Amino acid sequence: MKTNLRTYFLVALVQVLEGWRHLLELRNGTMLLLFLPHMERLRWNLGKLKALAVFEEARRRTPAYRQFLAEHPFGRVRFRNLLVPDLGRVPVMDKENYVKRFDIGARCQGGRVPAHGVIVDESSGSSGVPTNWVRGHAERQANKRMLEFGLTRLIGTGPHFIINAFAMGPWATGVNITMGLTDISMLKSTGPDVPKIANTLRFFGPGHRYLILGYPPFLKLLVDTAGINWGEYDVSMIYGGEGISELMRDYLLSKGIRRVYGSLGASDLELNIAAENDFTIGLRKALLASPALRAKLLHFPGAVPVVFQFNPADFHLETNHAGELLVTLCRPNYLSPKIRYNLHDRAQIIRFPELKRLLRSCGLRPEDFALSYSDLPILLHYGRADMTVAYFGCKVSPPDVQEALLGVPELAERVASFTLFTSEGPQADKQLRICFELAERQPLRIRNDAALNDLFFEELRRINQDFRESWRMVPEGQKPQVEFFAYKTGPFADEDIRIKRRYIQAA
């Protein structure tokens, strides 16, 4: 696998351009160059060039990636024209084929984890085994600049009082939000604790512009139970960890919250890959209202996806043949490079000129959704492609349920199958039901139903670390429940043993 002279030249060009941009960012944190009009093609192609530069640097300096490429030979990177590389033949990495296979040091540039200036955080997979991630100084600084920039564009110039309600401890979002925003605002990291947040608001009073960050179900719990007259305060909210419905957004706004925006990130990659804004929210509401627009824009059936915009000069996003999102972190000097990393999220990407064309075919214009907008590309995020359900900021998968079921012998002996139902109640309450199909000729009533319910969820909390943390903030009335159904009845009535079972359903 050779690198030709053109590639060397383009990589050097990207490094010079990045140096210039970094100097501009140091002098002007607004990064307005990203949003100049008529720059859409330049930003898009610059992202591809930066992805090529990251690829070349990783295969030269990162031992794990060098071995990964040796195991997945693909030949030379092709170019669509003189300056635009096509990385479509570069092998796709994910947690299974790359992260779990190689030592964390081998996945770092230089082949080791530096002894200084590194933050370690962790996430939990569906098995409940934590995955550790290392983040160097350069990427933390880049993330900090983008957080500040996004905050200014969405909420306005400060001063702000940020309340970080994401889970504290070693988890990626809580610790990195705290580090990224401490220098640019007043900040209190409470974690998902309703009394602490309520006391903070009362203590400091309504004279501040508050921004509360957290998982959507917790934000709703906070609004419902804090005992705060939200209309007396200037409070905006930014959610992450899972999407929300427009019903949920409208509910929060109706209670006196000023603005509600979402951010898409991943502990595998970075916190703020894409974000909602007034334009994307308007577009999503139009999709909900117009079957014709949905038919034009959406590739996948089911719930309307969350609509984001992203900066293609920093994140090269693409999708594979299955509609799964592939992410290349294009910023240089990342400690552990990620190139065409598959999160196994189902997604769709529409560049802005194509979006305008599709809207025009339905008699619409971008101005119909927001007075001001940027021409950054659109990311339609449909959720996890690996059959997990999002609940209070955690992911619950069928393997989790299967393992918990087997951990309770009295259930394991009697249950033939299961399915997960997620829904929202009339007050936008997130609900999770785990339905068990009893084996044939098993009686519908199982002795000590309540005790078995408790044992099952105790096992599920043991297996899935994120579910264990989320369980603590779920109010009693919204705790997930186990329901039993006789063989071939209820949600299992139409199951066909010859085809794959539907383990996740929407009520």
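All figures in this text were calculated on a predicted structure; none of them were measured in a lab.
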Does any donor atom in the side chain of Tyr391 or Glu242 lie under 3.5 Å from an acceptor atom in the other side chain?
->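 No.
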For residues Asp234 and His208, is any side-chain donor paired with an opposing acceptor at under 3.5 Å?
->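 Result is no, nothing qualifies.
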Would you call [X]-[Y] a salt bridge at under 4.0 Å N-O?
| X | Y | value |
| --- | --- | --- |
| Glu276 | Arg249 | yes |
| Glu318 | Arg340 | yes |
| Lys356 | Glu40 | no |
| Asp314 | Lys50 | yes |
| Asp250 | Lys255 | no |

Of Leu252, Ile244, Val260, which is the lone residue that meets side chain to side chain contact (heavy atoms under 4.5 Å, CB included) with Pro216?
->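 Among Leu252, Ile244, Val260, the one meeting side chain to side chain contact (heavy atoms under 4.5 Å, CB included) with Pro216 is Ile244.
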Member of Asn272, Ile212, Leu213 meeting the side chain to side chain contact (heavy atoms under 4.5 Å, CB included) criterion with Ile238 =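 Option passing the side chain to side chain contact (heavy atoms under 4.5 Å, CB included) with Ile238: Leu213.
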For this output row, return yes or no: ring centroids of [X] and [Y] closer than 6.0 angstrom.
| X | Y | value |
| --- | --- | --- |
| Tyr98 | Phe102 | yes |
| Tyr215 | Tyr239 | no |
| Phe352 | Phe279 | yes |

Would you mind reporting whether [Y] and [X] have side-chain heavy atoms less than 4.5 Å apart?
| X | Y | answer |
| --- | --- | --- |
| Tyr261 | Asp278 | yes |
| Asn342 | Leu325 | no |
| Phe308 | Thr280 | no |
| Phe369 | Arg284 | no |
| Arg294 | Val304 | yes |
| Leu329 | Phe315 | yes |
| Leu269 | Ile273 | yes |
| Thr319 | Gln348 | no |

Lys NZ or Arg CZ of Arg346 over Phe300 ring: under 6.0 Å, within 45° |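 Yes - Arg346 lies over the ring of Phe300, closer than 6.0 Å to its centre and within 45° of its axis.
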Is it true that atom [atom1] of [X] has more than 12 heavy atoms of other residues, nucleotides or ligands lying nearer than 6.0 Å?
| X | atom1 | value |
| --- | --- | --- |
| Arg112 | CZ | no |
| Arg41 | CZ | no |
| Lys196 | NZ | no |

Only counting residues at least two apart or in another chain, list the ones meeting salt bridge (Lys or Arg N to Asp or Glu O under 4.0 Å) with Arg60.
->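 Arg60 satisfies salt bridge (Lys or Arg N to Asp or Glu O under 4.0 Å) with Glu57 once adjacent residues are dropped.
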Considering residues at least two apart in sequence or located in another chain, which fulfil the salt bridge (Lys or Arg N to Asp or Glu O under 4.0 Å) criterion with Arg259?
->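 Residues passing salt bridge (Lys or Arg N to Asp or Glu O under 4.0 Å) with Arg259: none at all.
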